[in-house]
Amino acid sequence: MKSHLSNAHQWLFILFAIVCLWPAVSSPIALILGFALASFGLVPQHLDIQRWTKRLLSLSIIGLGFGINLEMAIAASQKNLGFIIASIFLTIGLGTLLTRWIGLERKTGHLVAVGTAICGGSAIAAVSPAIEAKAEQSAVALACIFVLNSVALFVFPTIGHLFELSEYQFGVWAAIAIHDTSSVVGAASAYGDESLKIATTLKLARALWIVPVALFSAWLFGGTKNRLAIPSFIIFYCIAIFIAFVFPQGQAVYEQLFFISKRLLVVCLFLIGCGITVSRMRNSGLKPMVLALLLWVAIGGGSLVVILQG
């Protein structure tokens, strides 16, 4: 009986994942589908959802590189370089102050701040071994960022339309204010293709700061400086952009790769939703979530004001 139920859950899971490839299914809908499966206990237990999400996300981002115009990417990065650097260090600094103010354990607070400042889970995964954080400290930080990432998929496009942000403005805002790359591209893709390209480019430019921030964190906490998990997809993403620039005759193929990558990103959001449970959100605790929420509001609101005035 258990075997039949397991097979039924597996086929239902596969069916939902395939449905998410359909262009009519948006990122928020995919997230809700995944959350629904998780809530009713219909996610196959033997599948390593986290590993598949990581792999698909990496492939999707690399594929998006074929749709990025190199000249536009350089111009966007140069124009917003100061904005990126300022937002990173202000967020980490504010996170340090708030951690002390609310009485949160130091390493957990630092991981939440770093995840907010750079690129969510990837930054937390890179910095955790550098500061020799405990597994539960990393898990709590990831849970807080995870919840807010899910909320961002729905909230950010709505606010963007409310303030009548252009696709370029929204792309910049999403790259600055949303944590994980998956949620950045999910929200930006819902806003428009230009927004997606700008957001992906700037977000991965921010992700490059994992290296110096992880080294700084290792020094700050007296950890080891030679155990840094730097995401390799950043390198391959840049290679994809370079290939599209050097060989423009393959534009038709690049467009197809870009489209497929966008749909795979929606599947990634479905897989992320499959990992959301009420118990995980409850176990994240109140103080870490308060810190994550305060930082999120600060960086989201502050960056929006700068963009509207600029």
ask   = Considering residues at least two apart in sequence or located in another chain, which fulfil the side chain to side chain contact (heavy atoms under 4.5 Å, CB included) criterion with R55?
value =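 Scan of R55 (side chain to side chain contact (heavy atoms under 4.5 Å, CB included), adjacent residues dropped) gives R51.
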
Look up atom [atom1] in [X] and atom [atom2] in [Y], then write down how far apart they are to the nearest 0.5 Å.
X    : Y    : atom1 : atom2 : result
L304 : I176 : CG    : CD1   : 12.0 Å
I62  : L264 : CD1   : CG    : 11.5 Å
I198 : Y191 : CD1   : OH    : 14.0 Å
M289 : L286 : CE    : CG    : 9.0 Å
S87  : L94  : OG    : CG    : 12.5 Å

For the residue pair [X] and [Y], establish whether any side-chain heavy-atom pair is separated by less than 4.5 Å.
X    : Y    : value
F156 : S183 : no
L148 : L293 : yes
L33  : L37  : no
F83  : I307 : yes
L308 : L165 : yes
L196 : L64  : yes
H179 : I124 : no
W209 : F89  : yes

Looking only at heavy atoms, what is the nearest atom pair of [X] and [Y], with distance?
X    : Y    : value
C20  : V267 : CB-CG2, 4.1 Å
S261 : G63  : OG-CA, 3.0 Å
S217 : V114 : OG-CG2, 4.5 Å
L291 : I102 : CB-CD1, 3.8 Å
L104 : P288 : CD1-CG, 3.8 Å
F170 : G160 : CD1-CA, 4.0 Å

task = Test V266 against L21 for side-chain contact (heavy atoms from CB on, under 4.5 Å), laying out the working first.
result = CA-CA 7 Å; V266 176; L21 291 171; over 6 Å; no

Group every Ile, Leu, Val, Met, Phe, Trp and Tyr by side-chain heavy-atom contacts under 4.5 Å, then state whether [X] and [Y] land in the same group.
X    : Y    : answer
L162 : I178 : yes
V305 : L294 : no
L202 : I159 : yes
I88  : L97  : no
L257 : F247 : yes

ask   = Can you check side-chain contact (heavy atoms from CB on, under 4.5 Å) on L220 and R106, steps first, answer last?
value = CA-CA 11 Å; L220 186 65; R106 188 180 173 211; 3.7 Å; yes

Check against side-chain contact (heavy atoms from CB on, under 4.5 Å), I131 and L111 = CA-CA 9 Å; I131 66 173; L111 290 176; 3.9 Å; yes

task = Examine distances only and state if a side-chain atom of S189 and a backbone atom of G186 form a donor-acceptor pair shorter than 3.5 Å.
result =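 It does hold such a pair.
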
query = Just by distance, do the side chain of E194 and the backbone of E167 share a donor-acceptor pair under 3.5 Å?
reply =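 Answer holds: no.
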
Just grab all the side chain to side chain donor-acceptor pair (under 3.5 Å) pairs involving [range], residues at least two apart or on different chains.
range            : result
residues 93-105  : E105-T108, E105-Q137
residues 293-310 : W173-S303
residues 239-250 : none

ask   = For the residue pair F270 and F16, does the interplanar ring angle fall in the parallel (under 30°), tilted (30 to 60°) or perpendicular (over 60°) class?
value = tilted

query = Going by the salt bridge (charged side-chain N to carboxylate O under 4.0 Å, His left out) test, which pairs reach into residues 172-193, not counting sequence neighbours?
reply =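 Listed once each, the pairs are D193-K262.
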
remark   = Across all chains, not counting sequence neighbours, the salt bridge (Lys or Arg N to Asp or Glu O under 4.0 Å) partners of K107 are none

request  = Start with the C-alpha gap between V112 and T116, add the side-chain angles, then the distance that decides, and say whether side-chain contact (heavy atoms from CB on, under 4.5 Å) holds.
outcome  = CA-CA 6 Å; V112 171; T116 305; 4.3 Å; yes

query = For F66, which of F242, F236, F259, Y254 qualifies under ring-ring contact (aromatic ring centres under 6.0 Å, His included)?
reply = Y254

